[in-house]
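Note that the structure is a prediction, hence the values are computed from the model and not measured. Start at 1 and go down the list; that is how both ligands and their atoms are numbered.
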Amino acid sequence: MQTMAYTNHWKQVLAVASLLVAVACVRTIAARELVDAAMAERHERWMAKHGRAYADDAEKARRLEVFRDNVAFIESVNAAVGRHRFVLEVNQFADLTNAEFRAARTGLRPSSRGNRAPTAFRYANVSVGDLPASVDWRSKGAVNPVKDQGSCGSCWAFSAVAAMEGAVQLSTGKLVSLSEQELVSCDVEGEDQGCEGGLMDDAFQFIINNGGLATESDYPYTASDDKGYEDVPANDEAALLKAAANQPVSVAVAGGDRHFQFYKGGVLSGSAGCSTELDHAITVVGYGAASDGTKYWVMKNSWGTSWGEGGYVRMERGVADDEGVCGLAKMASYPTA
Ligand SMILES: *[C@@H]1O[C@H](CO)[C@@H](O)[C@H](O)[C@H]1NC(C)=O
């Protein structure tokens with residue numbers, strides 16, 4: 001009798017307990033469904049904003065999962081308040097995996113990384129102490145509006161052309177917009193392979209051999225005979241400063257990194273932890289220091305104006321690592337007029 005009462009008592013406890021567990025489960029599932037619904041709705045809004053359409057429901061479901069993963073990454077980086085001097089955002093690349101993003105939006109050819117024949121460096125004897133604290137080639141009329149390489153691994157052409165446009169403006173006083181397309185379509189005999197990737201030095205060499213480059217406007221532009229290019233000594237940010245104080249400079253970076261993919265603004269620094277494996281090319285168009293003293297490079301990118309700071313990214317300058325943040329000091333070069 002007593003055993004029976006005892007058993008009944010525990011049966012009741014167990015029943016109540018399982019009821020509670022069941023309620024908790026239902027609530028957890030309901031909560032998860034709410035979160036899922038909210039994310040699906042957010043994805044819908046994002047699709048509308050960016051004019052995205054998918055082939056079918058399966059593709060849409062797959063993209064939602066990628067979107068969810070990217071949103072979690074972006075929010076976790078932004079939540080680490082005080083750790084970074086930059087912020088990320090859910091931008092137009094939010095439904096791409098990082099591998100897809102790298103394949104579509106970078107394009108520095110890996111085969112010849114770092115195997116450069118030595119060149120002269122005309123700014124070797126510039127004294128860093130004599131350089132201005134900040135330089136902005138945009139305000140000096142040497143930089144065209146930000147362009148968009150689209151889904152093509154042609155960063156190398158955009159980087160080379162931006163540096164070339166700067167050199168032409170500095171020597172002629174005219175800002176012309178040169179044709180990346182000519183490089184992408186025609187510079188295919190050597191290392192440069194159009195949308196499959198290329199290198200800036202090879203682009204400069206192509207322009208010299210080609211006797212110039214077509215413009216995107218009415219100004220004909222032809223390279224003069226004394227045109228050439230020089231490399232900035234590798235892993236030397238002081239040397240990069242000497243060059244950048246004198247003209248826009250092409251640089252290679254590990255720009256396929258996820259922090260680049262979703263960069264919104266601020267100074268991208270070592271805290272991003274990006275590698276120094278070069279896969280992208282951009283152009284230094286200035287340098288300066290933020291109000292908190294953080295020194296930065298101003299880099300022109302080729303992912304359109306809605307990415308980053310109007311198409312630009314500021315990257316930390318003068319860090320201890322001699323390869324620079326994301327390897328920015330490893331492979332810089334500029335055309336000579
Ligand atoms: C730098 O200075 C040294 C010593 O005066 C000189 O030999 C060298 O040619 C100079 N380099 C450049 C690029 O002007």
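Note on ring orientation: taking the six-membered ring where Trp is involved, the planes of F67 and W46 are tilted (angle from 30° to 60°).
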Dump the pairs for me: ligand 1 N or O, protein N or O, distance under 3.5 Å, to 0.1 Å.
from, atom 1, to, atom 2, distance (Å)
ligand 1, 2 (O), N125, OD1, 3.3
ligand 1, 2 (O), N125, ND2, 2.2
ligand 1, 11 (N), N125, ND2, 2.9
ligand 1, 14 (O), N125, ND2, 3.4

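Between the side chains of N91 and Q261, no donor-acceptor pair is found at a separation under 3.5 Å.
Taking the ring axis of F260 as reference, the NZ or CZ atom of R102 does not stay both within 45° of it and closer than 6.0 Å to the ring centre.
Between R63 and H43 the shortest side-chain heavy-atom distance falls below 4.5 Å.
Partners of Y334 under the ring pair (Phe, Tyr, Trp, His ring centres under 6.0 Å) rule, at least two apart in sequence or in another chain, are Y123.
A salt bridge (Lys or Arg N to Asp or Glu O under 4.0 Å) with D95 holds for exactly one of K49, R52, R42; it is R52.
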